[in-house]
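Every chain is numbered from 1, with letters handed out A, B, ... down the list of sequences. In this text the structure is predicted, and so the values were computed from the model without any measurement.
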Amino acid sequence: MLDGPAPVLEVSDLQTVFQMRDGAVHAVNGVSFAIAPGELLGVVGESGSGKSVTMMSLMRLLPSPPARIVGGEIRYQGRDVRRMSDAQMRELRGGEIGFVFQDPMTSLNPVFTVGYQLVEPLRVHLGLSKSAARARAAELLKLVGIPDAARRLDDYPHQFSGGMRQRVMIAMALSCDPKVLIADEPTTALDVTIQAQILEIVRDLRQKLGMGIIWITHDLGLVAGIADRVMVMYAGQVVEHGPVKAIFSDPQHPYTRALLATVPSVTGPRATRLRTIEGQPPILLQYPRACPFAPRCRHAFNRCRVENPTRIPVGEGHDVACWWDPATDEPRHV
Amino acid sequence: MSDAATPLPRAAEPLLRVEGLKMHFPIYKGVLRRRAGAVKAVDDITFSVAEGETLGLVGESGCGKSTAGRAILRLYEPTAGAIVLEGRDIAHLEGDALRTLRPKMQMIFQDPQASLNPRMTVGSIIAEPLDEHTRQSRAARRARVTELMDAVGLNRTFVNRYPHEFSGGQRQRIGIARALALNPKFIVCDEPIAALDVSIQAQVVNLLEDLQQQLGLTYLFISHDLSMVRHLATRVAVMYLGKLVEIAARETLYDRPAHPYTQALISAVPSPNPEIEAKRRRIVLKGDVPSPSNPPPGCAFSTRCPRVFDRCRIETPPLYDLGGGHRAACFLAEPAARAA
């Protein structure tokens, strides 16, 4: 990111460990990324690849113990997030960085009205008066496309449908004009036609509000449509990162390539048989010394089994953590 | 041969024929628990499934696709309609007559975690249908279990392990082995891959395809994943709010969808190609699916349809035949409307 605005959020070499009774699980292993204002970064990976844990741990949303950040640096607008006090952290969460969770049912409190839950952060973070906060809350609901917004403030979460609840969650995350919005699989629990509605809202809001968005998903198709940059994660590591076009037209990592090959499409030619990735993702009981994808990789050679690849630049803003070069089908000379 | 030029002979009788199937769940209200209405989960659907084919049943959550699958397998008592399996109406069978039919039709469930008893070993889970429906010796049963485990790609040394020791994909294989135990002809797959990761989904889908070829199975594949249905199904039926809105051969449905809902559904699936995504014209529907206990008058889709006109709000469109087995329930597909 040589050109463009300076990043708002910068994470380098983040390492998070879950200390369990019978050993440690290394969930995040040296993740680095940055997000600039107005940019949408798609984070792709299967369950257990560490994409949610990365975001949760940098926001200090994981219970500690067992979760613990053991290394790395997190900078928000130049400030060191790891050294912030709990009070400062509370201000950052919600105030500066908004979070939208996957399941809109469990992340709204069923015993309070939606209006109450929307007004609360506005009063705490922005110090608005009751009536001003209520007016702002109605404005937010309108922004995310909820009809008859002012009246619906007095409804309880169960009176909203799944798609509407997710809009409420987005409205809540947007309430204090965050600079960064982290959306953790916000449309996974929703139907495709509702997902399409939410995506339209996000495209629209991004232009209007100019915030940086981190969109976590396992749906590659979704990322192709909305992201500027894509980060592919596997076993708590970033295995490939680059501009959306490069990732889809010229994927470098065998995992990215395999993921793209396994997904059928509703257009274009239809494969007679789906390509698969054999085997299972690993559970990391120690910091990976070798490439964690090597046991499932059809291109793995000796070096992959003894040395964990670093992120090697392969193009404009495009890097890959792999020793194999798809262009020559031979090891990279690095 | 003189009839070499004629199209493929139509099978005399499809394996399964569903006619006017209705599944209504009553709603009771008040102190006296009077019947106040009904949730019309499945409301008058008609289709057939030929032997050896895969019919994809798609729709959004709450459209009644799972209820339809369960009613066909007679896990519910249908409110009305006929379910004809191999020429015999099974819609209102009871007791032993129904029980002897069960081995022919089986189900693979969505959540492999919830559909396997955590206190039973894999071996006993797979053998349970055999215990219930056959009188085989222990040795024969044991042999059949290992045979099934081989067929679905489970290591046979795991026979004494418990479900929690397996991953999601492997658990789904256990569910598949159990469904196959009694050599069924017809299997309802109710979102069998929805709970799995992308890389594991492909493994399970390939397994289902292999088994279909080897054993000549017929599937009703219920899913909300339109791209996976396109890969797997030979014909596709689309449901909306308890009604069948369109049914067609796979190519026809994806290339020339006739119903505005099908068009919107296909257009809502993101494509893993940024170039296509940037250019694509999307149909974004407004609003949510109405409640099936209080459906709108006329066409059920009229509240969200981008091409709605007055007639849709009054009359319910029938399933118009568009030729070649393509049927759609929309006034725009009416022969007169198409001619105009």
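Using a 4.5 Å heavy-atom cutoff, the side chains of B:Thr303 and B:Lys286 are not in contact. Side-chain contact check for A:Val202 versus A:Ile213: some heavy-atom pair is nearer than 4.5 Å. By the 4.5 Å heavy-atom criterion applied to side chains, B:Gln203 and B:Arg173 are counted as neighbours.
Only the side chain of B:Glu275 comes within less than 4.5 Å of a heavy atom in chain A; its backbone stays farther off. For chain A, the nearby part of B:Asn273 is the backbone; its heavy atoms alone come within less than 4.5 Å. At a 4.5 Å heavy-atom cutoff, the contact between A:Gln197 and chain B is made by backbone and side-chain atoms alike. For chain B, the nearby parts of A:Leu222 are the backbone and the side chain; heavy atoms of each come within less than 4.5 Å. When heavy atoms are compared at a cutoff of 4.5 Å, B:Glu209 approaches chain A solely by way of its side chain, counted from C-beta outward. Residue A:Arg167: no heavy atom, backbone or side chain, is found under 4.5 Å from chain B. Both the backbone and the side chain of A:Glu46 come within contact range of chain B, with heavy atoms under 4.5 Å apart. Contact of B:Ser61 with chain A is made through backbone and side chain together, with heavy-atom distances under 4.5 Å.
Chain B forms the most heavy-atom pairs under 4.5 Å with one residue out of A:Arg296, A:Arg273, A:Arg275, A:His218, and that residue is A:Arg273. Heavy-atom pairs under 4.5 Å with chain B peak, among A:Met164, A:Arg203, A:Gln195, at A:Arg203. Of the listed residues (A:Val192, A:Thr193, A:Ile277), the one with the most heavy-atom contacts under 4.5 Å to chain B is A:Thr193. Ranked by non-hydrogen atom pairs under 4.5 Å with chain A, the options B:Gln170, B:Gln201, B:Arg304 are led by B:Arg304.
B:Glu246 places a side-chain N or O within donor-acceptor distance of the main-chain N or O of B:His259, the cut-off being under 3.5 Å.
Side-chain polar atoms of B:His224 and B:Glu191 form a donor-acceptor pair below 3.5 angstrom. A:Gln252 and A:Asp250 form a side-chain donor-acceptor contact under 3.5 Å, judged by distance and modelled atom types alone.
Remark: A:Arg152 is positioned above the aromatic ring of A:Phe160, its terminal NZ or CZ atom under 6.0 angstrom from the ring centre and at most 45 degrees off the axis.
Atom CD of A:Gln207 has 12 or fewer neighbouring heavy atoms from other residues, nucleotides or ligands inside a 6.0 Å radius.
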